[in-house]
There are 2 protein chains.
Amino acid sequence: MPDSTETVAGVHPDADRGPARTADRALRVLLAFRQRPEWGVSDLARTLGLDKANIHRLLTTLAGRGFVLADPDTRRYRLGPAIAVLARAAERGGALEAAARPFLSELAHDLDESAILNVPHGAAYRCTLAVDAAGPIRYSATVGETIPAHGGAAGHAIFAFYPVDQVRDLLAGALPKFNAHTVVDLDDLLARYERVRADGVAISHGEFDPNVTSVAAPCFAAGQVVGSVVVIGPQDRMSGKVDTAVDRVRAVAERLSRVLDGVPTTT
Amino acid sequence: MPDSTETVAGVHPDADRGPARTADRALRVLLAFRQRPEWGVSDLARTLGLDKANIHRLLTTLAGRGFVLADPDTRRYRLGPAIAVLARAAERGGALEAAARPFLSELAHDLDESAILNVPHGAAYRCTLAVDAAGPIRYSATVGETIPAHGGAAGHAIFAFYPVDQVRDLLAGALPKFNAHTVVDLDDLLARYERVRADGVAISHGEFDPNVTSVAAPCFAAGQVVGSVVVIGPQDRMSGKVDTAVDRVRAVAERLSRVLDGVPTTT
DNA sequence: AACACTGTTTCAATTATTGAAACGCTATCG
DNA sequence: CGATAGCGTTTCAATAATTGAAACAGTGTT
């Protein structure tokens with residue numbers, strides 16, 4: 001995923017009707033913080049291949065709106081509170097939620113079970129969008145509910161694609177046991193993650209809620225996990241259609257990922 | 001909080017060595033999405049007082065890095081996946097957050113309740129980091145949420161250490177009453193602050209959220225309050241461990257303060 | 001059928017951006 | 001202890017990128 005590319009085409013001297021350069025550089029500065037949480041002016045300038053003075057001005061501009069924050073002592077910059085604010089806005093009305101809605105409806109209708117979108121939230125994940133199944137007996141999801149990372153397939157489908165050391169960091173300490181089927185050992189969980197990565201889906205039989213089976217697949221944007229799509233229902237009813245659910249959920253998650261990367265929907 | 005201001009001073013024709021205008025405008029475009037989840041080009045241009053063509057270029061620039069995403073059908077823009085990606089980075093590597101994280105985890109684990117970091121934000125405070133308790137019943141904090149200064153122990157622990165005249169200035173006007181236990185009189189609040197300064201901790205029994213007890217202690221950097229550490233949970237469960245919580249929270253806040261004043265944290 | 005409204009493209013004027021260089025400053029090293 | 005190398009910041013003239021008005025192409029409404 002190229003994001004440090006400055007100019008796409010500099011061959012021809014003219015005809016560079018591209019994006020606004022100054023704004024684009026500011027965005028590149030922001031994105032640099034996912035490689036390293038803390039940057040100094042010179043270091044960042046060297047990394048991005050830009051001038052010191054230029055980076056300095058961009059950083060103060062970003063700081064003026066709260067997107068970064070300068071440690072007064074070390075003179076180094078970290079991401080600021082405006083990011084968290086925007087993230088909250090995105091959780092309600094972001095492109096992910098908007099794009100996922102029709103896909104969830106499709107899943108819920110085809111499989112006749114509830115479909116949910118989850119996003120990572122610290123060492124947990126949060127349900128941001130749900131389309132319940134039509135029938136009276138169904139999994140009724142609560143939008144806004146937060147569930148620990150190791151609880152259920154939806155969590156596996158997200159955190160399996162986190163860097164392993166980050167997972168160890170996030171899930172340090174005892175993992176609460178929700179019932180007999182909960183994965184409580186960290187190494188067991190990491191082994192489980194390996195299979196999830198290989199399969200592209202996670203399946204849970206009552207690991208969080210008892211007697212509930214769920215099938216989840218990750219969706220990506222710019223090469224990173226940003227959430228998971230889940231189909232979930234009562235265990236006895238799901239058992240007959242797990243295979244179908246696996247195919248559908250995986251396909252939908254892939255299509256969603258493609259939309260998020262900017263490729264227009266082909267269907 | 002003015003954030004739609006274009007130029008700060010346009011009186012004098014020269015001497016505008018301010019932030020980079022193009023980048024700043026791009027940030028204002030981003031911030032507009034917390035007012036409305038979806039924007040069209042013309043509408044946004046009118047709201048920000050800028051030209052259509054200008055906004056269009058900025059939006060495509062933002063879209064190029066994934067900060068916004070255009071619905072191909074409606075041609076309207078929403079916040080994109082890059083926001084969520086950055087939010088994840090900020091959750092781990094924000095300024096204070098980097099230093100506070102291990103302390104919060106320790107508190108949450110030891111007391112088995114949610115632990116939160118708050119920072120002052122005008123006449124309010126904002127939750128910038130939360131480590132939720134493990135169990136199913138817990139205070140689930142929302143990162144980015146802003147709460148008025150006089151609401152809850154976390155606010156007391158911060159603003160008790162502000163200069164008194166500054167507090168009078170900030171909290172001039174009526175203080176909203178959240179429930180029966182909210183402190184709404186400024187003099188009562190200042191008296192309360194005196195006790196908080198003496199104790200080094202603030203305790204709230206349902207002053208903001210009903211049936212919720214919280215224990216908060218301030219953390220300092222360079223002699224100034226920069227935030228507060230809170231342990232918070234359901235009132236009935238907390239009542240048995242308030243004394244323990246007071247000791248732990250105070251101790252952790254002091255250790256955090258020492259870290260902030262001492263060795264530069266490199267993650 | 002004309003209208004009002006989108007989003008997009010074009011293009012010359014000008015304005016804001018840019019990068020090199022100079023400036024304090026702190027820490028490291030010989 | 002003085003020199004040096006690194007940092008972040010400021011300055012400023014040249015330049016190149018931004019800008020906004022206007023024209024364009026659709027769409028849905030009146």
Side-chain angles (χ1 to χ4, degrees), chain A residues 5-29 32 36 38-64 68-78 95 262 264, chain B residues 5-29 32 36 38-65 68-78 95 222 262-264 266:
Chain A
T5 45
E6 170 75 353
T7 45
V8 182
V11 183
H12 295 300
D14 62 297
D16 219 20
R17 298 261 154 268
R21 190 172 71 163
T22 315
D24 195 60
R25 288 185 173 179
L27 300 182
R28 287 179 58 209
V29 166
R36 202 187 305 180
E38 201 180 46
W39 285 102
V41 173
S42 298
D43 201 4
L44 184 52
R46 245 178 281 114
T47 304
L48 295 182
L50 299 174
D51 193 84
K52 265 197 310 180
N54 196 353
I55 293 293
H56 177 256
R57 202 147 94 101
L58 290 176
L59 278 172
T60 50
T61 302
L62 289 166
V68 300
L69 203 70
D71 186 320
D73 300 325
T74 67
R75 288 268 139 93
R76 281 187 290 195
Y77 292 81
R78 286 175 172 274
Chain B
T5 45
E6 168 76 352
T7 47
V8 182
V11 184
H12 295 300
D14 62 296
D16 220 19
R17 295 259 156 269
R21 190 172 72 164
T22 315
D24 195 60
R25 287 185 174 179
L27 300 183
R28 286 180 57 208
V29 167
R36 204 187 303 180
E38 202 181 45
W39 285 102
V41 173
S42 299
D43 202 5
L44 184 52
R46 246 179 282 112
T47 303
L48 295 182
L50 298 174
D51 194 84
K52 266 197 310 183
N54 195 354
I55 293 293
H56 178 256
R57 203 147 93 101
L58 289 175
L59 279 172
T60 49
T61 302
L62 288 165
R65 298 286 178 190
V68 300
L69 201 71
D71 186 319
D73 301 325
T74 67
R75 290 267 137 94
R76 281 188 290 195
Y77 292 81
R78 287 175 172 272
V263 189
T266 34

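Bear in mind that the values here come from a model prediction, so they are computed numbers and not experimental data.
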Any side-chain N or O of A/Arg46 below 4.0 angstrom from OP1/OP2 of D/dC7? yes
Please evaluate the base of D/dG8 for a donor-acceptor partner in the side chain of A/Lys52 within a cut-off of under 3.5 Å? yes
CG of B/Leu50 versus P of D/dG20: gap in Å, rounded? 7 Å
Are OP1 or OP2 of D/dT18 and a side-chain N or O of B/Arg57 less than 4.0 angstrom apart? yes
Close side-chain approach of B/Leu59 to B/Trp39, heavy-atom, < 4.5 Å: no
Could you give the CG-to-C1' distance, from A/Leu59 to D/dC7, as a whole number of Å? 14 Å
What is the distance, rounded to the nearest whole Å, between atom CG of B/Asp43 and atom C1' of C/dT6? 11 Å
Provide, to the nearest angstrom, the distance between the CG atom belonging to A/Asp51 and the C1' atom belonging to D/dT9. 12 Å
C/dT17 phosphate, OP1 or OP2, under 4.0 Å from B/Arg21 side-chain N/O: no
D/dG8 phosphate, OP1 or OP2, under 4.0 Å from A/His56 side-chain N/O: no
Check this for me, if you would: do B/Arg78 and B/Asp71 make a salt bridge, where the nitrogen-to-carboxylate-oxygen distance has to be below 4.0 angstrom? no
Take atom CD of B/Glu38 and atom P of C/dG7, then tell me their distance rounded to the nearest Å. 11 Å
Answer yes or no: does a side-chain N or O of B/Arg75 lie under 4.0 Å from OP1 or OP2 of C/dT8? yes
Worked check of salt bridge (charged side-chain N to carboxylate O under 4.0 Å, His left out) between B/Arg46 and B/Asp43: CA-CA 5 Å; B/Arg46 246 179 282 112; B/Asp43 202 5; 3.5 Å; yes
When you measure from the side chain of B/Ala53, which nucleotide among C/dT8, C/dG19, D/dA21 comes out closest? D/dA21
Nucleotide C/dT26, atom C1' - distance to CZ of A/Arg76 in whole Å: 14 Å
In terms of the nearest nucleotide of DNA chain D, which residue is placed more toward the 5' end: A/Gly40 or B/Leu58? A/Gly40
A/Arg25 side-chain N/O to C/dG19 phosphate OP1/OP2 under 4.0 Å: yes
Donor-acceptor under 3.5 Å (B/Arg25 side chain, B/Leu58 main chain): no
Given DNA chain D, 5'-ward residue of the pair B/Asn54 and A/Thr60, judged by closest heavy atom: A/Thr60
Which of D/dT9, D/dC7, C/dT8 is nearest the side chain of A/Ser42? It is D/dC7
Gap between atom CG of A/Leu44 and atom CG of A/Asn54 - 0.5 Å precision: 10.5 Å
Examine D/dT18: is either OP1 or OP2 under 4.0 Å from a nitrogen or oxygen in the side chain of B/Thr22? Give yes or no. no
